[in-house]
Amino acid sequence: MSLRILLMRFGIAAAGGALVALAATTPAAAGDERGLAGPPKKTVKGQVTARSGLILRSAPNRGGAVIRVAPYGEIVNIFCRTTGQRVDGNRYWYLLTDGTWAWGSARYINTWKTPRWC
């Protein structure tokens with residue numbers, strides 16, 4: 001077998017491998033849990049209990065940038081939970097999927113089910 005054929009086969013194999021790797025790491029547009037086509041399928045509903053509204057942040061702590069304020073009584077979609085800075089003794093934060101991805105303190109969100117871990 002000539003060197004030219006060997007190099008051509010190697011190039012085809014490398015290109016195929018790169019395409020497989022790209023396909024495996026690129027999220028699908030509509031079917032992905034974090035896709036842009038509406039809220040993810042595996043969310044838990046919650047209701048905001050903060051009377052003056054709940055500040056939603058870019059990180060699970062009070063130092064995260066303010067994304068928006070969820071008004072009292074709003075029903076929110078919770079993607080997952082994690083631990084973060086304590087708020088009135090509660091160290092859990094929920095990642096909400098309503099329009100933007102933002103963190104809200106679990107201290108001020110009542111849930112019907114316990115969200116999964118992030």
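For the numbers below, each heavy atom of this structure counts, side chains included, while hydrogens, waters and symmetry mates do not. Counting from 1, the numbers follow the sequence of the chain as shown.
Panel note: side chain R68, backbone I55; no donor-acceptor pair is recorded below 3.5 Å. Counting only distance, with no hydrogens or angles, the side chain of T100 and the backbone of A102 share no donor-acceptor pair below 3.5 Å.
Rounded to the nearest 0.5 Å, atoms CD1 (I75) and CD (Q47) are 4.0 Å apart. Note that the CD atom of E74 and the OG1 atom of T49 stand 12.5 Å from one another [nearest 0.5 Å]. Note: Y72 OH to S52 OG = 11.5 Å, rounded to the nearest 0.5 Å. Between atom OG1 of residue T43 and atom CG of residue D98 there is a gap of 8.5 Å, rounded to the nearest 0.5 Å.
For the pair K45 and V76, the minimum side-chain heavy-atom distance is 4.5 Å or more. In this structure, V66 and R57 have side chains that are in contact, with non-hydrogen atoms separated by less than 4.5 Å. Annotation: side chain of K42 is not in contact with side chain of F79 (no heavy-atom distance under 4.5 Å). Residues I67 and W103 are not in side-chain contact: their nearest non-hydrogen atoms beyond the backbone lie 4.5 Å or more apart.
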Working note: I78 + I109, criterion side chain to side chain contact (heavy atoms under 4.5 Å, CB included); need CA distance, chi angles, decisive distance, verdict.
CA-CA 10 Å; I78 303 165; I109 302 174; 4.0 Å; yes

Could you go step by step and tell me if T111 and Y94 meet the side chain to side chain contact (heavy atoms under 4.5 Å, CB included) rule?
CA-CA 10 Å; T111 60; Y94 296 148; 3.6 Å; yes

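Side-chain contact check for R81 and Y92: no donor-acceptor pair (N or O, by modelled atom type) lies under 3.5 Å. One side chain, Y108 or D88, offers a donor N or O that lies under 3.5 Å from an acceptor on the other.
Here the closest heavy-atom approach between residue G63 and residue N61 is recorded as N-OD1, 2.9 Å. P115 and V44 make their closest contact through CA-CG2, 3.9 Å (heavy atoms, listed as atom of the first residue, atom of the second, distance).
With W101 as reference, L95 is the one residue of L56, L96, L95 to meet the side-chain contact (heavy atoms from CB on, under 4.5 Å) rule.
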